[in-house]
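As structure tokens, the structure follows; a few thoughts come after it.
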Amino acid sequence: MSAVALAPEASRRRVLLVLTEVMSHGGIQRFNRTLLTALDELGASVVALSLNDTDGVVTDSPFSERVTVLGFGRSKVRFAAGVARQLAAERFDVLFIGHIHFATLMAAAHCLPRAKRAPRVMLIAHGQEVWESIRGGTRRALGDVTDVVSVSAFTQERILAQAPELGARRLHVFPNALAASWIQWADQGSALQDPSEIYGRYFLSVTRISVSERTKGLVAALEAFATLTDRSVHYVVAGSGDDVTFLRWVTQQLGVEERVHFRGSVSDLELVSLYRKSAGFVLPSGQEGFGIVFLEAMYFGIPVLAAAEKGANDVVSDGVTGLTVPFGDVIGLARSMTRFLEDETLCQRLVANGRALVTGDGPFTFAAFRQRTAALIDVPDPVRASP
Amino acid sequence: MCGIVGFLRHTDSRPSPERFAEALASLEKRGPDASGTWVDERIQLGHRRLSIVDLTEAGAQPMVSADGRYVVTFNGEIYNHLTLRAELDPPGGWRGHSDTETLVEAFRVWGPDCVRRFDGMFAFAVWDREAGVLTLARDRLGEKPLFYRVNREGLAFASRPTALRRLGGGSLGTLNGDSLAAYVDLGYVPSPNSMWQEVRKVPPGHYLTVANRSLRLVRYWDYRHIRPDPSWNQRPEDELIDELDSLVRQAVKARLMSDVPLGAFLSGGTDSSLILSVMKAVSPTVPIAYTIGFNEPEFDESGAAAAIAHHLGVEHRVQKLGVSSLLGLLPDAVAAYDSPMADSSCFPSMAVARLARSGVTVALTGDAGDELFGGYHYYKLAERMAGFMRWPRFLRRKFADVCGAVPAHRLNLLAEAMRKTTNVRMFHFVRSMRKDFPSILLENAGATPSSYYFEQAAASFALDLCPADVGMRLDVAYTLGDGYLTKVDVATMASSLESRCVLTDHHLVEWAMRLPVNYKLRNGQTKYLLKRLLCRYLPEKLVYQPKRGFGMPVASWLRGPLRGWAEQLINERSLFEGTPIDQESMKSLLALHSKGVRDASPLLWSSLMLLCFIACHERGLSLPQFDVTERAA
């Protein structure tokens, strides 16, 4: 496979992204797509090399012809070779390293004789993967990086604590946002059955359900849910994973198995309909690097309940844009869920403040994201610049 | 300390007055001083009283609130009830000075959430006559037991399963296969489950409301999310010791509330020595300490206890026994523990309770110190394992494969522990009694892995705990309430003695959760800070004296005086029916143990106790006989 050729316009920023994945579900994938969309709209010529996407050029991408996404079908060897070829073929203005695991690979690739180093090399730091792991070769490889963009203030703090030599000036908080395409279909009405006709009032969690991710806080949320006075309320969990058997056992222990519904992986349309009628979005996670699902819930005008931990703090501010409790605080969770059910004034206030974050001039809109991207790669934002 | 029982009917049928009286009578040991019932068209409430506070009729139960709406039957003590009285103003004024009256008036004003204000040990039921709602509540760590059974006829509750069995006409329904498997694994059945499918425990720190047949279980207190505070590492150690001292003193003072004489158990270990020392310092009267000593020097710690009592200047009563004579308690223990008790230290507990009851009605104990302040050696093991757990998984697996291939039993166990993917699973493995003999359980035994209980509790633990902290919190979640505190409650109640555990004071527990682990385990030492505090009361040589193995010589019993008895039990095929235990495996295990190939006594003992429980309580059979003196000789 040869290197991807860029569009010839000399005035365009030429950007290379080395990413884990672009086209599937997941927070990192969505961030990557939002970033590519922003770069696309800013007129950059973009090549995205993606380790886990299907082999070859991705043809069904939502981007213009300026953006090429090249998948490597999970082959690390071919991926590394592809990176080397691309660096040899073209000098890019900006290189985004999409995962810290690639930092060493990129440092090595830059040492190759024909490699053309980009003047700006930016590492994207999402969350857990950088909170504890910067040491040894990875830390040395960060010397090759000109900027680190972190999705949350917590992630930035963790990086600085582990690699103080980077210095605060090379670090930028660069939060995720709701993509315009997501908002477009979110705003479309759903022909699916209204979930409230099935469940009545219900709480919603949207998350992976994995044995290795118990710190998502689902068990605590279920324990809290079981104590609510209103026994007509249901709880819907959207998301798939290998921990459903355990969670079902928990619901049996708690005596709420008939009111808790594990929906598995749901389609986007189903998800939209679940969001719309939910009495509250609950994800008291202790491991969110950012928590895009909170923004989605806010967009649909439902109050959110989070753990006051890590990246979620950038999005959910207790009593302002949602409610927060310490991680694992079951009693606090139950109290907050009760407030969602009983305190309409509170809910209205939280919802109004939450929506302000993701609409208009809010910091988590796509427009704000594009503006941040423009500043990062040093080009004017055509939309903001126009009168 | 008392016994409670009740029945809330859902249909026209209810236990006859005679059957209800029989159920109540089964709790007589818990409350030998008086008995009372309260009945209306929906509910029957019963109470057996051990009079401790307000010995007059004004403290009799079941008790009705001043406004006549609420009726309570209550087992336990609320130590801060006089403080709470200042906030309550019952119509017609206070009738007596019992904590029961405070409880029912607190419930009248604050509803079931009144438990959040209670500082004490309790299990109670309150019947709201107007709303037709029953509330069952249990103390924070599970000092006082409370079982309930729901079926078509209604909801029955009681301090012990025996009373539920009597209410149910002699049966408690089908045994719970998952619970039996969990018992063989852990040595107890984790809450909320019990040995029987229809019977559950109100878990520690919860209350249960029953309205229109709908049950709602509410957790009113939790410690799991409290984080160790790293800033405490910057504080002077003396400041932390001052705080701990103050908390222990407050907890002891609160537990001195009594209208009858008080004493303390003294084993010679850190916890009981600390309790006695503080008791001596804060009590207006000189306490009496009780110790069981053994004729065999390798088990006897009474010398250490005597030195401590002598230093403190307290009266010390010691009873010396031959270890084998404790075996004489076996039939009593099997009868008293109406769920199987795997912990053989129930024998000395029963013996010291009998001794103490000869002089006092209430005794303070030092239980929970090990779980809160890092007393067990397996916490140290967990810390050592932490290094391995940080290795990349593939490397750990490879190393485990190498260790597993070496023909050395301990190394094989280490290999198995290293294969666990999380600290919780690793700790569960370390705690598991059948880890070195997994075939004791039939292949299809128990649909639910017992690790699920641990994993559920741990899912709400504060983030980033070290393995030892994870282990301590898991022990507080289950091992303490479902194991040790149950052991003490039944052992003391069998002698109508009220035990009061000092270190379960919830202020103290919450403080212990904030305490960084290096104040619990340091330089190979367990209970570091607790020992530093004890040094304020006792000379160092008494604090740091070497501990003898206080465990019962079950291993030698099973090779000696109890071997024939064990063989008879194991050969009785009918006892294995409906259990997950493989009879042939158990025979092999006993053979391995008898030949001295392996010390399998913990697993053998717990399994034998399960067979005894099935024989005595489920099948109504008598246990095989054994002659202690002859065999021991």
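Here is the naming used below: chain letters follow the sequence lines, and residue numbers restart at 1 for every chain.
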Can you tell me how the ring of [X] sits relative to the ring of [Y], calling it parallel under 30°, perpendicular over 60° and tilted otherwise?
X: B:Y220; Y: B:F122; answer: parallel
X: B:H506; Y: B:W221; answer: perpendicular
X: A:Y199; Y: A:H234; answer: tilted

Contact part of [X] toward chain A, heavy-atom cut-off under 4.5 Å: side chain, backbone, both or neither?
X: B:F461; answer: backbone
X: B:Y453; answer: both
X: B:L215; answer: backbone

Relative to chain B, which segment of [X] carries a heavy atom at a distance below 4.5 Å: side chain, backbone, both, or neither?
X: A:T229; answer: both
X: A:A226; answer: backbone
X: A:V211; answer: side chain

inquiry  = Testing the 3.5 Å rule here: is there a donor-acceptor pair between the side chains of B:D178 and B:T448?
reply    = yes

message = Is it the case that over 12 heavy atoms from other parts of the model lie below 6.0 angstrom from the CZ atom of B:R396?
response = yes

task = Output the option from A:T215, A:L228, A:L254 having the highest count of non-hydrogen pairs under 4.5 Å with chain B.
result = A:L228

request  = Using a cut-off of under 4.5 Å on heavy-atom pairs, state which of A:I331, A:V219, A:V250 scores highest against chain B.
outcome  = A:I331

A:E223 with B:R224: basic N within carboxylate O range, under 4.0 Å = yes

